[in-house]
Amino acid sequence: MTTSNGARKAQETQLDVAVVGGGLGGLYALHKLRGLGFKTRVYEAGSGVGGTWFWNKYPGARCDVESLEYSYAFSDELQQEWSWPERYSTQPQILTYINFAAQKFDLMKDVQLNTRITHANFDGDANRWILKTADGETISARFCVMATGNLSTPRVPDFKGIETFKGKWYHTGMWPSEPVDFTGQRVGVVGTGSSGIQMIPHIARQAKQLYVFQRTANFSLPAQNAPMDREREAAYKSNYMERRMEARTTGFGVSGYPVPTQSALDASDAERRAKYERLWQNGGTIGFMSCYSDFFVSEEANETAAAFVREKIRSIVKDPAVAELLCPNDHPIGTKRLCLDTGYYEIYNQPNVSLVNVRANPIVEITPNGLRTTEQEYELDSIAFATGFDAMTGALREIDVRADDGACLADKWAGGPLTYLGIMVAGFPNMFMVTGPGSPGVKSQMIHSIEQHVDWISDLLKTTSDRQVRRIEANTDAEDKWVAHVNEVADGTLYPKANSWYVGANIPGKPRVFMPYVAGVGAYRKICDEVAANGYEGCTLS
Ligand code: N01
């Protein structure tokens, strides 16, 4: 019901579990928790479900994990009946799949679209979360599951003059639903991370002139995408559940890539090159990241792969100066998200594509007619920002989350996120995060980690509800120990060396803290299972 000014009339919805976010995590949480008898409802800001795959509609958006792996594992019926058209699926294909799953499991009746949660306050007397929506609805729930995503707060840098631009500008993470046609235009793309690298070849095919404004070169590997090999699909489907179980023991949650045991430095140069060449021809990033045991811990070992990829770039890009600019040299390979492309380096051989070094000559302002660097002005009809996200903490910090003593989550996290297992936060009882900071989520096949978290949270809620527990809270000392452990593991690797969104380096003023847990999904699952087996140690249940 709405009032004359459009605000939803005050009403209070009573739930067992409120789930914030209708992406892959929120939808699975709904399915699982509803199945356990909890009255559950999902609140989603978008006009459709799908999360990342709903918002990121930029040209070329595609998954960088093979679809036979990047898909729900909880239902063998679903994975047997679904058929992916390509090895790596496009955004529209994945969104179709998510909607299919939502229909199949009759989820939509408990999903409220176009609803942004703005406040979440814990009422300690009633042990309930009181959520408020942007249009005035109040929701009271025993538990709150934050499935708000890790890359769901797009960031357009606050370039001076952007409001004066006479053309159109876009951000990959809030791309319009209707297709954007760049035919005949002068287009600027700012940003060369995963999104930019996927989008640039598509825009290059349409634009009269494309300027790619690159601040930092990234490593990218070829997807070697192709129509789905039906024999391979049939082989998967003949033992899908075994594969899913195998994925649980790996580093990244993908079957076929066991935790490596051989050092790159124990292989001969010829052996290494042959392996890297095979992986390059096979396509994908997981093979590279799982090829040697010291890929992420030894700079010398890592450099063998980095040098191989630089050689490939030089062999593809004809202009040696452009090739050199595209060769990453400021971070070990893989310590920023390794990109996956189709024809990325090749497009720099097209006469209508120019690479602009905005490390040497930074962007100063957006002008009415284009973009000005310290060197010159570029006249543009459209600008596409592929400048990333306020990752991992942005979406949760946008909600005013408060404990019953008024403490605010954003304040607690001012120096970086503090969590227990990446799932709970001390001082914020009955609230759970799906793939939160301090978990391996973003360093794994996301759906694998989503399912593991939702299953773990669901078991916890079921077990404790059966025992009449009304309040579940992570202990501060357990949280401290977990944060220290996450840091210790990261510090033993090369990851912190890169200025990546994993450390918040892309957001000015964000504290530099390495946020994901990088011991691998197998090791992490073991810890979570042990915590549960020991009566949810580290938590107070009352
Ligand atoms: O964002 P990014 P993304 N001036 O932060 C540049 C996932 N994803 O959207 O490196 C000039 O990686 C910035 O430069 P620098 C995936 O996990 C997955 O591409 O900070 N440049 C960088 O080049 C990925 O990692 C898929 O120096 C500026 C770029 O913008 C994550 O999403 C596909 C700038 C931002 O790169 C984020 O990727 C796409 C400025 N002021 C994305 N500010 C899959 O395939 C920023 N930049 C599943």
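Atoms within each ligand, like the ligands themselves, are counted from 1 in listed order. Model, not experiment: these values are computed from the prediction.
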Would you please indicate yes or no on a ring centroid separation below 6.0 angstrom for [Y] and [X]?
{"X": "Phe514", "Y": "Tyr495", "answer": "yes"}
{"X": "His453", "Y": "Tyr524", "answer": "yes"}
{"X": "His202", "Y": "Phe182", "answer": "no"}
{"X": "Tyr97", "Y": "Trp84", "answer": "yes"}

Would you mind listing which atoms of ligand 1 come within a distance below 4.0 Å of any non-hydrogen atom of [X]?
{"X": "Tyr58", "answer": "33 (C), 39 (C)"}
{"X": "Thr192", "answer": "22 (C), 23 (O), 29 (C)"}
{"X": "Lys336", "answer": "10 (O)"}
{"X": "Arg359", "answer": "27 (O)"}
{"X": "Gly191", "answer": "6 (C), 23 (O), 29 (C), 30 (O)"}
{"X": "Pro157", "answer": "41 (N), 43 (N)"}

Backbone or side chain, does any N or O of [X] fall under 3.5 Å from an N or O of ligand 1?
{"X": "Ala386", "answer": "yes"}
{"X": "Arg62", "answer": "yes"}
{"X": "Thr172", "answer": "no"}
{"X": "Trp53", "answer": "no"}

Answer yes when [X] and [Y] have at least one side-chain N-carboxylate O distance shorter than 4.0 Å, and no when they do not.
{"X": "Arg116", "Y": "Glu44", "result": "no"}
{"X": "Glu324", "Y": "Arg310", "result": "no"}
{"X": "Arg230", "Y": "Glu233", "result": "yes"}

Check the angle between the aromatic planes of [X] and [Y] and answer parallel, tilted or perpendicular using the 30° and 60° thresholds.
{"X": "Trp482", "Y": "Tyr517", "answer": "tilted"}
{"X": "Tyr28", "Y": "Phe74", "answer": "parallel"}
{"X": "Tyr378", "Y": "Phe213", "answer": "perpendicular"}
{"X": "Trp53", "Y": "Tyr70", "answer": "perpendicular"}
{"X": "Phe288", "Y": "Phe295", "answer": "perpendicular"}

Quiz item: What part of Asp64, side chain, backbone, both or neither, has a heavy atom within less than 4.0 angstrom of ligand 1?
Solution: both
Quiz item: For ligand 1, does Ser194 get within less than 4.0 Å through its side chain, its backbone, both, or neither, judged by non-hydrogen atoms?
Solution: both
Quiz prompt | Nearest-option assignment for atom 31 (C) of ligand 1, heavy atoms, candidates Phe389, Phe159, Trp501, Phe213 | solution = Trp501
Quiz item: Between the candidates Cys339, Gly388, Gly173, which shows the shortest non-hydrogen contact distance to atom 2 (P) of ligand 1?
Solution: Gly388
In the protein, which heavy atom is nearest to [atom], and how far is it?
{"atom": "atom 46 (C) of ligand 1", "value": "Arg215 NH2, 3.6 Å"}
{"atom": "atom 36 (O) of ligand 1", "value": "Gly193 CA, 3.6 Å"}
{"atom": "atom 15 (P) of ligand 1", "value": "Thr216 OG1, 3.4 Å"}
{"atom": "atom 9 (O) of ligand 1", "value": "Ser195 OG, 2.6 Å"}
{"atom": "atom 32 (O) of ligand 1", "value": "Leu151 CD1, 3.3 Å"}

